[in-house]
Amino acid sequence: MHKIEVPNHHFRIDQICGSGQCFRLDRVEDRIYEVIAGEKYLKIKQYPDKTSFYCTEKEYTCFWKMYFDLDVCYETYIESIDKGDTYLSKAAAFGEGIRILRQDVWEMIVSFILSQQNNIPRIKQLIRILCEQCGEERRSPEGRVYYTFPTAERLSEVEESTFREWKLGYRSRYLQETARAVAEGKVRLSDLSGMEYETAKKELMKLCGIGAKVADCICLFALHKLDAFPVDTHIQKVLEREYKKGFPFERYRGYAGVMQQYIFYYDLKNGVAMKEM
DNA sequence: GTTCAGGTGGGAT
DNA sequence: ATCCCACCTGAA
């Protein structure tokens, strides 16, 4: 099996895995991860100093390098952090290997519609059901079975009641209506990446089940609009606790979303650590 | 039994 | 505009 090796410069798969931006990236063995993006499958092995991508040179340069945003230097983002901002400095040091992925728009729309009032394991489970029921079965180079992410056209054919049987709950209607709207071309997904952040966000919010928070997640994790700063209940609490005078969005103009990820990951992992004490 | 988990839509003010 | 609350489900 052909593989590509890259140094781990501000790149940690486990951190990306735990940052909640991707629901189809999983650790399958020690150091080994698998990710499915749209129709594509990739096996990854990450050592302390380097990462092996099990794919061809072409697949790496044309897709995965871009997908993991490996052309961008995240050290620059981290170095720009206000040294007097102890909380953000600690958060960034803790999650320094996080990268903002460039995921598929439709996949993020569905994933974050399902994410509301839901936890990560359950979101993953719901996505797994959708892929197994409506995606296409494929095999990895090593023969592992996986399922592609179902298209809007395919999901628009599914009854709302069927989604409810699959335990999507009240999100069933949102998904049904959004899949239909996208399949009918009411919102043209291919146009979104060319739009400014605010415009793309407004366009996304035309879809049923997509409010400000979900739209920001889609802007950040699919459209790579780094201005997007999704505020969920977790981030809200951190802002109230650590930034009573307001978060310095001006200072991080153009990449506040990267800071959001450091904060989110830091808060999420510390929350778990606290519970285990 | 209650609350909460990475919110949103719809209706009342 | 802003507030309020119902909404599916499963786990603590």
Side-chain angles (χ1 to χ4, degrees), chain A residues 15-26 91 94-95 98-101 103 105 107-130 133 155 158-182 186-187 198 200-223 225-226 228-243 247 256-277:
Chain A
Q15 291 179 353
I16 295 169
C17 210
S19 73
Q21 57 175 302
C22 180
F23 301 106
R24 302 193 84 193
L25 170 59
D26 291 298
F94 185 75
I98 291 175
R99 274 167 188 271
I100 310 294
L101 306 184
Q103 301 182 78
V105 189
E107 205 165 321
M108 291 301 96
I109 288 173
V110 176
S111 300
F112 285 96
I113 282 176
L114 300 186
S115 78
Q116 53 186 276
Q117 289 294 101
N118 229 333
N119 52 53
I120 293 172
R122 240 175 79 72
I123 298 163
K124 284 186 169 184
Q125 188 193 325
L126 296 179
I127 291 170
R128 195 176 310 125
I129 292 170
L130 285 183
Q133 295 288 336
L155 290 180
V158 179
E159 297 286 340
E160 185 190 322
S161 58
T162 308
F163 286 145
R164 285 182 183 272
E165 285 170 21
W166 297 341
K167 310 299 178 189
L168 303 213
Y170 68 92
R171 307 162 195 87
S172 300
R173 194 186 106 243
Y174 299 166
L175 180 58
Q176 220 294 320
E177 288 192 24
T178 289
R180 193 147 35 88
V182 170
K186 286 184 179 170
V187 172
E198 299 288 354
K201 180 173 175 178
K202 277 182 194 153
E203 195 63 17
L204 283 164
M205 286 176 69
K206 289 179 183 170
L207 294 167
C208 184
I210 300 184
K213 188 270 177 183
V214 169
D216 274 333
C217 287
I218 299 163
C219 284
L220 185 57
F221 305 137
L223 304 175
K225 306 295 183 195
L226 301 184
F229 191 95
V231 178
D232 53 49
T233 53
H234 260 250
I235 293 287
Q236 184 67 45
K237 281 175 190 164
V238 173
L239 294 184
E240 285 167 7
R241 191 180 70 232
E242 307 289 339
Y243 297 94
F247 186 79
V258 179
M259 301 301 143
Q260 190 272 6
Q261 279 289 277
Y262 294 143
I263 295 170
F264 183 80
Y265 180 70
Y266 185 53
D267 190 64
L268 188 72
K269 294 301 165 184
N270 277 320
V272 172
M274 295 290 273
K275 278 178 198 168
E276 286 170 356
M277 281 170 72

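All values derive from a computational prediction rather than experimental measurement. Lettering follows sequence order; numbering is per chain, from 1.
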Check: When the P atoms of dG6(B) and dC4(C) are considered, how many whole Å apart are they?
Finding: 24 Å
Margin query: Identify the stems formed by DNA chain B, where each pair is Watson-Crick or G-U wobble with both distances under 3.5 angstrom and a stem is at least 3 consecutive pairs.
Written below: B:2-5 with C:9-12, B:7-13 with C:1-7
Note to self: Applying salt bridge (Lys or Arg N to Asp or Glu O under 4.0 Å), can you list everything that pairs with Lys237(A), at least two apart in sequence or on another chain?
What the structure shows: none
Check: Is the backbone of Gln176(A) close enough, under 3.5 Å, to the side chain of Glu160(A) for a donor and an acceptor to pair up by distance?
Finding: no
Note to self: Set out, in order, the CA-CA distance, both residues' side-chain angles and the distance that settles side-chain contact (heavy atoms from CB on, under 4.5 Å) for Asn118(A) and Leu126(A), then state yes or no.
What the structure shows: CA-CA 10 Å; Asn118(A) 229 333; Leu126(A) 296 179; 3.6 Å; yes
Next item on the list: Taking Arg171(A) for its side chain and Gly209(A) for its backbone only, find out whether a donor-acceptor pair lies under 3.5 Å.
Entry: no
Item checked: Sequence-distant partners of Glu240(A), side chain to side chain contact (heavy atoms under 4.5 Å, CB included), two or more places apart -> Gln236(A)
Check: Does any donor-acceptor pair link the side chain of Tyr170(A) with the base of dG9(B) at a separation under 3.5 Å?
Finding: no
Next item on the list: Mind listing the closest non-hydrogen atom pair of Gly257(A) and Ile100(A) along with its distance?
Entry: O-CD1, 4.2 Å
Next item on the list: Kindly state which residues belonging to residues 159-168 of chain A come within less than 4.0 angstrom of DNA chain C, counting heavy atoms of the residue only, listed by number.
Entry: Arg164(A), Lys167(A)
What N/O pairs connect the protein and nucleotides 10-13 of chain B at under 3.5 Å? Give each pair on its own line.
residue, atom, partner, partner atom, Å
dG10(B), OP1, Arg173(A), NH2, 3.3

Next item on the list: Please report the closest heavy-atom contact between Gln15(A) and Phe94(A), naming both atoms and the distance.
Entry: NE2-O, 3.1 Å
Item checked: Listed partners of Lys186(A) passing side chain to side chain contact (heavy atoms under 4.5 Å, CB included), at least two apart -> Ala181(A), Glu184(A)
Next item on the list: Go through the structure and list residues passing side chain to side chain contact (heavy atoms under 4.5 Å, CB included) with Glu165(A), not counting sequence neighbours.
Entry: none
Next item on the list: Mark yes or no for whether Gln103(A), through its side chain, and Gln21(A), through its backbone, hold a donor-acceptor pair below 3.5 Å.
Entry: yes
Checklist line | Qualifying residues under ring-ring contact (aromatic ring centres under 6.0 Å, His included), relative to Phe229(A), sequence neighbours excluded | finding: Phe247(A), Phe249(A)
Next item on the list: Any chance you could list the contact pattern along nucleotides 1-6 of chain B? Use B for base contacts, S for sugar-phosphate-only contacts and - for none, protein heavy atoms under 4.0 Å, 5' to 3'.
Entry: ----BB
Item checked: Any Ile235(A) side-chain heavy atom under 4.5 Å of Val238(A) side chain -> no
Notebook entry, point to check: Is any side-chain heavy atom of Leu223(A) less than 4.5 Å from a side-chain heavy atom of Leu204(A)?
Noted result: yes
Next item on the list: Sequence neighbours left out, what passes side chain to side chain contact (heavy atoms under 4.5 Å, CB included) with Glu198(A)? Give chain and number order.
Entry: none
Notebook entry, point to check: Once you round it to whole Å, what is the distance between C1' of dT8(B) and CD1 of Ile210(A)?
Noted result: 11 Å
Notebook entry, point to check: Given the P atoms of dT2(B) and dC7(C), what is the spacing between them in whole Å?
Noted result: 16 Å
Item checked: Contacts of type ring-ring contact (aromatic ring centres under 6.0 Å, His included), residue Phe221(A), not counting sequence neighbours -> Phe112(A)
Notebook entry, point to check: Whole-Å distance between dT8(B) P and Ile109(A) CD1?
Noted result: 13 Å
Next item on the list: Name the nucleic acid region contacted by Leu207(A), choosing base, sugar-phosphate or nothing; use a 4.0 angstrom heavy-atom cut-off, strictly under.
Entry: sugar-phosphate
Check: Would you call Arg241(A) and Asp267(A) a salt bridge, taking side-chain N to carboxylate O under 4.0 Å as the test?
Finding: yes
Item checked: Terminal contacting nucleotides, 5' and 3', DNA chain C versus chain A (heavy atom, 4.0 Å) -> dC7(C) to dG10(C)
